[in-house]
Trainee: 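A single structure is presented below for examination.
Just the heavy atoms: all of them, side chains too, but no hydrogens, waters or symmetry mates, feed the values below.
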Amino acid sequence: MPYYQRIRDLREDKDLKQKDIANLLETSPNYYGDYENGKRDITFERAIKLSEFYNVSLDYIAGRTNDIRGIGYTTESKDNKYEKGLNQIIQVAENLKKIN
């Protein structure tokens, strides 16, 4: 299935209007409509935004998989990941202090 059909289906599944997604992507409804109609290729940055918004993988949007989770899928927010990483760094630093 082409990506433009995927993004239309994802939007319709959420009962959103093209205008809503256009606002998310900071573009006009007509410009976004061109994405859904296959008249314009979506930029990588905007595909990432849609992937994060719908909580699906880029592979799913691109039509490379029918598994909505796809490769690299995560339900964990970016902020939570960064916080976990920071906590791990702090823990390593504290362990190093104990050794010295």
Trainee: Which atoms form the tightest heavy-atom contact between Pro29 and Lys19, and what is the distance?
Mentor: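 In this case the closest contact between Pro29 and Lys19 is CG-CA, 4.0 Å.
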Trainee: Would you say the side chain of Leu50 lies within less than 4.5 Å of the side chain of Leu25, judging by non-hydrogen atoms?
Mentor: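 Yes - at least one pair of side-chain heavy atoms lies under 4.5 Å apart.
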Trainee: In the structure I gave you, are the side-chain heavy atoms of Asn66 and Arg6 within less than 4.5 Å of one another anywhere?
Mentor: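 Heavy-atom side-chain distance check passes, below 4.5 Å.
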Trainee: Could you measure the distance from the NZ atom of Lys17 to the CD atom of Glu12? Nearest 0.5 Å is fine.
Mentor: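 The distance works out to 11.5 Å.
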Trainee: Stepwise, does the side-chain contact (heavy atoms from CB on, under 4.5 Å) test hold for Leu58 with Phe44?
Mentor: CA-CA 9 Å; Leu58 284 170; Phe44 189 64; 3.9 Å; yes
Trainee: Would you name the heavy atoms of Tyr54 and Ile7 that are closest together and state the gap between them?
Mentor: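 Looking at all heavy atoms of both residues, the closest pair is OH-O, 4.2 Å.
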Trainee: With rounding to the nearest 0.5 Å, note down the distance linking CD1 in Ile21 to CZ in Phe53.
Mentor: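 Those atoms lie 4.5 Å apart.
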Trainee: Search all heavy atoms of Ile42 against all heavy atoms of Tyr3 and return the closest pair with its distance.
Mentor: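 In terms of heavy atoms, the two residues are closest at N-OH, 3.2 Å.
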Trainee: Over all heavy atoms of both residues, which pair between Thr65 and Ser57 is shortest? Give the atoms and the distance, please.
Mentor: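 The pair with the smallest heavy-atom distance is CG2-OG, 4.4 Å.
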Trainee: Quick check: closest heavy atoms across Lys49 and Leu24, and the distance to 0.1 Å?
Mentor: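 Closest approach of Lys49 to Leu24: NZ-O, 3.6 Å.
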Trainee: Shortest non-hydrogen contact from Tyr32 to Ala22?
Mentor: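 Closest approach of Tyr32 to Ala22: CB-CB, 4.0 Å.
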Trainee: Just grab all the salt bridge (Lys or Arg N to Asp or Glu O under 4.0 Å) pairs involving residues 35-47, residues at least two apart or on different chains.
Mentor: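 Residue pairs with at least one partner in residues 35-47: Arg8-Glu36, Arg11-Glu36, Asp34-Arg40.
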Trainee: Please list, chain by chain and in numerical order, all residues satisfying salt bridge (charged side-chain N to carboxylate O under 4.0 Å, His left out) with Asp20, sequence neighbours excluded.
Mentor: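 Counting only residues at least two positions away or on another chain, Asp20 forms no salt bridge (charged side-chain N to carboxylate O under 4.0 Å, His left out).
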Trainee: Can you list everything that forms a side chain to side chain contact (heavy atoms under 4.5 Å, CB included) with Gln91? Sequence neighbours excluded, please.
Mentor: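 Here the qualifying residues are Glu94, Asn95.
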Trainee: Does Tyr31 have any ring-ring contact (aromatic ring centres under 6.0 Å, His included) partners at least two apart in sequence or in another chain, and if so, which?
Mentor: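 By the ring-ring contact (aromatic ring centres under 6.0 Å, His included) rule, Tyr31 matches Tyr35.
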